[in-house]
Amino acid sequence: MIQVPYPTGERNFVVSPLELNFPSSTEPERKNNHHLYWTYKRMGEFLITRTFRDLIHNQLEMPVDTHSALHQRYSPPEKLPSLADMIEQIEMAHLTEEPMKVQDNRHGPYFYQQISHIALKQIHMEYGRLVA
């Protein structure tokens with residue numbers, strides 16, 4: 001199957017996988033985690049993009065077979081939201097105390113972590129360097 005870029009909408013935010021027409025799962029109880037913005041290699045370079053990727057609302061537990069079908073059909077989104085839009089989402093998550101869902105060294109079980117004031121300050125400093 002030829003991959004097509006994952007669909008994005010306004011301001012390059014991804015379309016929810018729930019809005020795409022995937023066949024029903026044959027094993028809906030077997031689930032794993034899907035990052036709406038992938039791959040880690042692409043998103044992990046900067047604290048801003050890594051934090052944005054790890055926000056809970058940018059992840060979805062989905063049946064393993066549906067997740068596999070998604071990655072077979074779609075390549076990662078071609079365009080990402082702007083850094084300013086990512087910062088806005090991160091700030092909102094910080095204000096509402098929405099945690100991130102992360103893994104140690106991208107292996108093992110997920111755990112939840114708040115965005116600290118120090119991390120938010122570092123994100124703003126990084127943003128200033130990246131847009132300068």
Side-chain angles (χ1 to χ4, degrees):
M1 178 177 284
I2 296 175
Q3 287 186 322
V4 296
Y6 193 86
T8 56
E10 187 178 338
R11 296 174 24 210
N12 296 320
F13 288 105
V14 296
V15 172
S16 169
L18 303 174
E19 295 179 32
L20 305 175
N21 293 321
F22 284 101
S24 296
S25 173
T26 58
E27 298 180 79
E29 67 285 345
R30 286 190 57 230
K31 294 184 178 190
N32 61 13
N33 194 63
H34 172 65
H35 287 83
L36 300 179
Y37 297 90
W38 77 98
T39 64
Y40 182 84
K41 185 175 183 178
R42 180 178 185 198
M43 298 294 292
E45 181 177 1
F46 300 108
L47 183 58
I48 294 169
T49 54
R50 193 169 53 248
T51 302
F52 175 76
R53 178 182 187 265
D54 285 341
L55 294 173
I56 287 178
H57 72 263
N58 286 332
Q59 297 181 58
L60 181 66
E61 269 202 8
M62 57 192 322
V64 172
D65 55 351
T66 305
H67 190 195
S68 178
L70 183 148
H71 284 285
Q72 287 174 10
R73 184 179 300 167
Y74 296 107
S75 60
E78 286 185 333
K79 293 184 178 181
L80 297 173
S82 69
L83 291 176
D85 284 339
M86 289 185 199
I87 291 272
E88 182 180 301
Q89 296 269 314
I90 292 167
E91 288 173 341
M92 185 58 67
H94 182 258
L95 284 173
T96 61
E97 299 182 351
E98 174 190 336
M100 298 180 298
K101 185 177 177 183
V102 295
Q103 289 177 300
D104 277 326
N105 299 319
R106 299 186 305 135
H107 299 289
Y110 283 90
F111 63 93
Y112 298 90
Q113 176 179 316
Q114 296 293 324
I115 301 168
S116 71
H117 294 290
I118 293 170
L120 190 59
K121 185 176 181 176
Q122 290 172 329
I123 287 167
H124 281 279
M125 288 170 45
E126 181 181 71
Y127 177 76
R129 287 190 310 269
L130 292 172
V131 297

Please list all pairs meeting ring pair (Phe, Tyr, Trp, His ring centres under 6.0 Å) that have one or both residues in residues 31-57, counting only residues at least two apart or in different chains.
Y6-W38, H34-W38, H34-H67, H34-H71, Y37-F52, W38-H71
Would you please name every residue forming a side chain to side chain contact (heavy atoms under 4.5 Å, CB included) with Q103, sequence neighbours left out?
R106, Y110
In this structure, are over 12 heavy atoms from other groups packed under 6.0 Å from E29 atom CD?
yes
A side-chain contact here means heavy atoms from C-beta on lying under 4.5 Å apart; do M62 and F22 qualify?
no
Spacing of CZ belonging to R50 relative to CG belonging to L55, to within rounding of 0.5 Å
12.5 Å
Common cluster, I118/M100, ILVMFWY with side-chain heavy-atom separation under 4.5 Å
no
side-chain contact (heavy atoms from CB on, under 4.5 Å) between L130 and I48, intermediate numbers included
CA-CA 10 Å; L130 292 172; I48 294 169; 4.1 Å; yes
Please report the interatomic distance CD(Q89) to OG1(T51), rounded to the nearest 0.5 Å.
12.5 Å
Cluster membership besides I56, Ile/Leu/Val/Met/Phe/Trp/Tyr side chains within less than 4.5 angstrom, sorted by chain and number, is Y112
Can I get a per-line list of side-chain donor-acceptor pairs under 3.5 Å for residues 74-84, giving both atom names and the distance, sequence neighbours left out?
residue	atom	partner	partner atom	Å
S82	OG	D85	N	3.0
S82	OG	D85	OD2	3.4

So do the side chains of I115 and P99 get within less than 4.5 Å of each other, counting heavy atoms only?
no
Enumerate the side-chain hydrogen bond (donor to acceptor under 3.5 Å, both in side chains) contacts for residues 18-28, please, sequence neighbours excluded, ordered by first and then second residue.
S25-D65, T26-D65, E27-R30
Kindly write out the residues that satisfy salt bridge (Lys or Arg N to Asp or Glu O under 4.0 Å) with E88, not counting sequence neighbours, or none if the list is empty.
R11
Side-chain donor/acceptor of T49 to backbone N/O of M43, under 3.5 Å:
yes
Sorted by chain and residue number, the side-chain hydrogen bond (donor to acceptor under 3.5 Å, both in side chains) partners of E91 (sequence neighbours excluded) come out as H124
Hey, any chance V15 and F13 share a hydrophobic cluster, counting ILVMFWY side chains that come within less than 4.5 Å of each other, even indirectly?
yes
What residues, two or more places apart in sequence or in another chain, satisfy salt bridge (Lys or Arg N to Asp or Glu O under 4.0 Å) together with R42?
none
Any side-chain heavy atom of Q59 sitting closer than 4.5 Å to one from L36?
no
Under the salt bridge (Lys or Arg N to Asp or Glu O under 4.0 Å) definition, can you give me all pairs with a residue in residues 118-132, not counting sequence neighbours?
none
Would a hydrophobic clustering, with Ile, Leu, Val, Met, Phe, Trp and Tyr connected at side-chain separations under 4.5 Å, put M92 with L47?
no
Pairs satisfying ring pair (Phe, Tyr, Trp, His ring centres under 6.0 Å), at least one member in residues 79-106, at least two apart
H94-H117
Can you name the residues that form a side chain to side chain contact (heavy atoms under 4.5 Å, CB included) with L18, not counting sequence neighbours?
S16, L60
If you round to the nearest 0.5 Å, how far is CG of L95 from CD of E97?
9.0 Å
Given side chains that start at C-beta, do those of R53 and N58 come closer than 4.5 Å, heavy atoms only?
no
Checking side-chain polar atoms at under 3.5 Å, does E61 have a donor or acceptor matched by the opposite partner on N33?
no
Ignoring hydrogens, what is the shortest heavy-atom contact between P17 and L70? Give both atom names and the distance.
CB-CD1, 3.9 Å
